[in-house]
Amino acid sequence: MRNVTVGWAGGKFAQDVEVGGHRIRSDEEVDKGGEDTGATPHELLLAALGSCTAMTLKVYAERKGWPLRDVHVMLNAANADGGYVIARQVTIDGDLDAEQRQRLIEIADKCPVHKTLSGSITINTTAGTA
């Protein structure tokens, strides 16, 4: 996996995220003290889950030879009951029967990011030098 680097981008919270030559801006919404110049960190987390879900369903349908045309994933999340609850809605476009559609919904839970988020996560933090 490529390294992800994050550094200040000006403003109160804005951060520039770099991955393999790609840049993404992260910030907080105005009502949380940011300038809304990019997605919030939690929104980036949802984007990771949504994109992984769509990719996984595309690969699975191609392997099965199913006529999947497109997948749209809409996500939202909130802190609730002492935890973080993610709502994921998967819309499947294609000439698929009910059984194929149901199988794709089941496969959504098998995407690598879903497995990571629902598994045990360890974060090891060390100090670097500037």
Side-chain angles (χ1 to χ4, degrees):
M1 181 179 294
R2 300 179 288 190
N3 287 335
V4 175
T5 57
V6 180
W8 288 349
K12 186 172 180 182
F13 293 117
Q15 301 293 311
D16 282 330
V17 181
E18 292 187 39
V19 183
H22 305 285
R23 294 189 87 171
I24 304 166
R25 173 68 51 93
S26 183
D27 199 353
E28 282 292 344
E29 297 172 86
V30 173
D31 65 345
K32 297 217 172 114
E35 296 173 5
D36 199 20
T37 61
T40 70
H42 278 102
E43 290 167 343
L44 293 174
L45 179 70
L46 295 179
L49 177 59
S51 59
C52 184
T53 299
M55 289 177 195
T56 299
L57 297 187
K58 182 179 188 294
V59 168
Y60 186 86
E62 283 178 355
R63 194 179 66 204
K64 293 287 191 178
W66 292 352
L68 178 66
R69 282 189 293 272
D70 203 355
V71 173
H72 292 271
V73 184
M74 185 171 63
L75 302 107
N76 206 317
N79 291 309
D81 300 323
Y84 193 65
V85 178
I86 297 173
R88 175 176 57 183
Q89 181 183 49
V90 179
T91 302
I92 299 166
D93 180 18
D95 296 322
L96 304 162
D97 62 33
E99 198 171 293
Q100 290 169 322
R101 289 175 183 278
Q102 180 57 40
R103 182 63 182 146
L104 288 172
I105 294 300
E106 292 167 5
I107 293 299
D109 288 349
K110 298 187 183 317
C111 88
V113 172
H114 181 108
K115 288 181 178 182
T116 298
L117 291 173
S118 57
S120 176
I121 298 175
T122 302
I123 300 172
N124 298 313
T125 304
T126 60
T129 57

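All values reported here derive from a predicted model rather than from experimental measurement.
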Got a donor-acceptor contact below 3.5 angstrom from the [X] side chain to the [Y] backbone?
{"X": "D93", "Y": "D70", "result": "no"}
{"X": "R88", "Y": "L46", "result": "no"}
{"X": "Q100", "Y": "D97", "result": "yes"}
{"X": "R101", "Y": "I92", "result": "yes"}

When clusters are formed by joining ILVMFWY residues with side-chain heavy atoms under 4.5 Å apart, either directly or through shared neighbours, do [X] and [Y] land in the same one?
{"X": "V90", "Y": "L117", "value": "yes"}
{"X": "L96", "Y": "I105", "value": "yes"}
{"X": "V19", "Y": "V113", "value": "no"}
{"X": "V59", "Y": "L57", "value": "no"}
{"X": "L49", "Y": "M74", "value": "no"}

**Separation of D95 CG from R69 CZ (nearest 0.5 Å)** = 4.5 Å
**Fill in**
Value for CD (E29) from OG1 (T37), rounded to nearest 0.5 Å, stands at 11.5 Å
**Asked** Would L104 and K64 count as a side chain to side chain contact (heavy atoms under 4.5 Å, CB included) if you check the C-alpha gap in whole Å, the side-chain angles of each, and the deciding distance to 0.1 Å?
**Response** CA-CA 11 Å; L104 288 172; K64 293 287 191 178; over 6 Å; no
**Prompt:** Does the side chain to side chain contact (heavy atoms under 4.5 Å, CB included) test come out yes or no for H114 and T53, once each step is laid out?
**Reply:** CA-CA 8 Å; H114 181 108; T53 299; 5.7 Å; no
**Request:** Would you check, one step at a time, whether the test side chain to side chain contact (heavy atoms under 4.5 Å, CB included) holds for N124 with T126?
**Result:** CA-CA 7 Å; N124 298 313; T126 60; 5.7 Å; no
If you look at every heavy atom in [X] and [Y], which pair is closest and at what distance?
{"X": "K110", "Y": "K115", "value": "O-CE, 3.4 Å"}
{"X": "I24", "Y": "L44", "value": "CG2-CD2, 3.9 Å"}
{"X": "D16", "Y": "R25", "value": "OD1-NE, 2.6 Å"}

**Residues forming a side-chain hydrogen bond (donor to acceptor under 3.5 Å, both in side chains) with T116, sequence neighbours excluded** = none
**Item:** side-chain contact (heavy atoms from CB on, under 4.5 Å) partner of E18, chosen from N3, V4, V6, T5
**Value:** T5
**Message:** One thing to verify: whether R103 and E99 come together as a salt bridge, which I'm taking to mean a side-chain N less than 4.0 angstrom from a carboxylate O.
**Reply:** no
**Asked** Parallel, tilted or perpendicular for Y84 and H42, by the 30°/60° rule?
**Response** tilted
Just list the side-chain donor-acceptor pairs under 3.5 Å for residues 7-14, sequence neighbours left out, or say none.
none

